[in-house]
Amino acid sequence: MSAPQLDVAVAAPVLAPALGAIAVLAVDVVAPRRRLPAPLLAALALLLSLASAIWLRVRASGGGEISTLCLPGDPALAVTAPPGMVASEGLLRVSQSGALLQALAAAAGLVVLVLLARERGVPSQDDDRTHRPDPGVEVALLLATVTGASAVAVAHDFGTWLVGLELATLPIVALAVLRGGRDSGAMQLVTTSVVSFAVAVLGCGLWVTATGSLRLGGVASWAAGQDDGSRAILTLGVVMLLAAVGFKLSLVPFHAWAPATYPRAGLEVTMLLAGVSTVAAAAALVAVADGAASVRDAAIPAFGVLAVVSMIGGAVLALGAQDPLRLIAWSGVTQGGWVLAPLVAGDTAAAVGYLAVYVVAVVAALAVVAALSTDGARRLEDDRGLLRRRPVHAAVLTLALLTLAGLPPGVAGLLAKVLALRPLAEGGLWWVALPAVVAAVIGLAVYLRWVALILLPPEVATPPERTERAASALAVVTGLVLLAATVFPVMLLGTGTP
């Protein structure tokens with residue numbers, strides 16, 4: 001076996017935040033608790049990660065394989081490839097979808113960074129007073145999360161996949177404790193992480209037993225799919241991996257932690273969970289779906305049932321939510337089902353496109369909530385008459401909600417739902433497609449209830465809310481990105497846009 005071959009330019013979306021985290025911690029040792037160096041270094045690292053991911057997406061659109069960290073001749077990665085195909089030797093393999101996921105992780109990380117950099121106190125662990133956490137530690141945790149999400153988006157082996165997935169989760173637990181104190185929902189996150197890791201390791205073990213390789217992908221699983229005994233073990237492994245990722249993506253019945261954590265962990269942690277962590281979970285899910293190609297017929301029931309109950313269950317339970325963060329948590333459950341739905345038919349591009357639209361829309365909505373929450377937690381009723389008091393915030397929030405609902409002018413959301421339903425209809429998977437339509441109708445009631453409050457006149461004349469400047473700027477920027485995606489949906493949905 002020869003030495004690993006590393007192309008720094010291809011690995012840049014992963015290396016930039018990883019090296020940034022190391023640099024931030026080093027600077028924090030030299031100049032502890034200084035507020036300016038850590039955010040500046042982190043912003044530079046995340047911008048480099050974002051720019052390199054966009055460049056890789058453009059490069060991948062030209063065809064051909066883009067891979068790095070190659071280990072030629074490694075017996076742990078040896079597979080029997082299908083006739084006429086050659087297995088890639090790279091541990092990181094970049095596709096258009098993978099590069100888009102990396103760009104989403106870096107962009108969502110930048111948004112969270114701005115929120116973390118605000119000079120606001122957080123609850124103390126020991127009393128009712130507030131304190132300012134160490135910015136170096138917080139920023140390093142954020143960069144570690146982005147590193148994990150970027151790695152799992154292009155992982156081509158189970159070692160990278162598993163480490164990246166956990167790296168995108170565990171730092172959030174520490175950040176939740178730093179930001180939210182005792183009542184941060186960190187215990188739910190820890191429990192979820194431990195259980196999902198155990199299930200994922202079991203699934204990986206079954207995969208390796210069936211394929212004899214750590215390689216992840218359809219090529220790796222081809223030989224196992226030709227033998228009845230190995231096929232059964234591989235199918236069970238894929239189902240276990242789906243369950244493990246289901247915890248991360250808060251799919252039903254693995255969703256209980258999300259509505260309990262979102263309202264309690266603080267807006268920065270909620271943004272990180274809804275943005276970067278969701279990207280990592282969806283990337284892991286896409287990798288599992290690609291790997292299940294040789295046993296797709298056997299795995300379809302598990303994928304389909306999970307998608308249907310998540311879409312319907314999340315939408316129904318969101319109807320009763322009375323505060324924005326809990327509604328967004330339940331919305332994440334149903335939107336996770338929508339991401340999974342096209343994977344039932346094997347369409348990864350539609351799943352990634354839907355995820356991209358969802359992440360931009362939910363980050364925009366959370367930015368507005370953060371901007372308006374200067375006086376504490378809000379309820380949906382607090383947004384009654386928001387259009388008259390804060391028209392810019394109301395416009396961004398309305399566009400985000402209509403995008404999630406799939407209604408004009410949120411055209412990107414409508415097209416994303418069409419793309420998600422198209423492979424199901426073409427494959428005759430009506431038992432998944434029809435419940436998805438029902439979930440979309442229920443979703444209209446969920447999101448339009450909030451929109452109606454924004455547009456209705458207030459019952460009593462109230463002065464405009466105080467707003468937070470940095471979060472307001474984020475809301476405007478993400479709103480503009482969402483508007484651009486509505487005009488040019490190809491930027492998020494790819495060339496498959498109808």
Side-chain angles (χ1 to χ4, degrees), residues 54 57-58 60-61 95-101 103-104 107-108 274-275 278-279 282-283 285-286 289 307 310-311 314-315 328 331-332 334-365 395-427 429-430 432-448 450-451 478-498:
I54 294 173
R57 190 185 185 207
V58 174
S61 65
S95 63
Q96 276 189 279
S97 295
L100 176 58
L101 289 168
L104 285 171
T278 297
V279 169
L285 186 62
V286 168
S310 297
M311 287 187 289
I328 288 173
S331 172
T334 191
Q335 301 295 345
W338 275 96
V339 172
L340 179 58
L343 294 178
V344 178
D347 193 332
T348 58
V352 172
Y354 190 96
L355 173 78
V357 173
Y358 163 70
V359 168
V360 175
V362 78
V363 166
V396 174
L397 182 55
T398 299
L399 179 60
L401 293 174
L402 292 178
T403 300
L404 292 172
L407 287 176
V411 177
L414 175 61
L415 294 178
K417 282 182 165 55
V418 171
L419 282 179
L421 290 172
R422 186 167 65 182
L424 297 174
E426 292 175 350
L429 296 167
W430 295 105
V432 180
L434 292 179
V437 173
V438 173
V441 173
I442 299 173
L444 294 180
V446 172
Y447 300 116
L448 290 181
W450 196 351
V451 171
T478 52
L480 290 175
V481 172
L482 199 55
L483 185 61
T486 296
V487 179
F488 305 104
V490 69
M491 64 183 286
L492 295 179
L493 296 174
T495 56
T497 306

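No hydrogens, no waters, no symmetry mates; every other heavy atom, side chains included, goes into these values.
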When rounded to the nearest 0.5 angstrom, what distance separates CG in Leu414 from CG in Leu419?
10.0 Å
First locate atom CG of Asp347, then atom CZ of Arg422, and finally report the distance between them rounded to the nearest 0.5 Å.
7.5 Å
Short side-chain to backbone donor-acceptor contact, Lys417 and Leu404, under 3.5 Å:
yes
Taking the side chain as every heavy atom from C-beta outward, state whether Leu407 and Tyr447 have any atom pair closer than 4.5 Å.
no
dist Trp450:CH2 -> Ile328:CD1 (nearest 0.5 Å) comes out at 4.5 Å
Taking all heavy atoms of Ala439 and all of Trp338, pick out the closest pair and write down the distance.
CB-NE1, 4.4 Å
I need the minimum non-hydrogen distance between Ala341 and Leu424, along with the two atoms involved.
O-CD2, 3.3 Å
State the CZ-OG distance between Arg57 and Ser97, to the nearest 0.5 angstrom.
7.5 Å
As an exercise, state the distance from CG of Leu402 to CG of Leu448, rounded to the nearest 0.5 Å.
6.5 Å
Quick check: closest heavy atoms across Val396 and Gly479, and the distance to 0.1 Å?
CG1-CA, 4.0 Å
Heavy-atom closest contact (Ala433 atom, Leu421 atom, distance):
O-CD2, 3.9 Å
Looking only at heavy atoms, which two atoms of Pro342 and Ala350 are closest? And how far apart?
CB-CB, 3.9 Å
Please report the interatomic distance CE(Met311) to CG(Leu340), rounded to the nearest 0.5 Å.
8.0 Å
If I compare all heavy atoms of Leu399 with all of Thr403, which pair ends up nearest, and what's the gap?
O-OG1, 2.7 Å
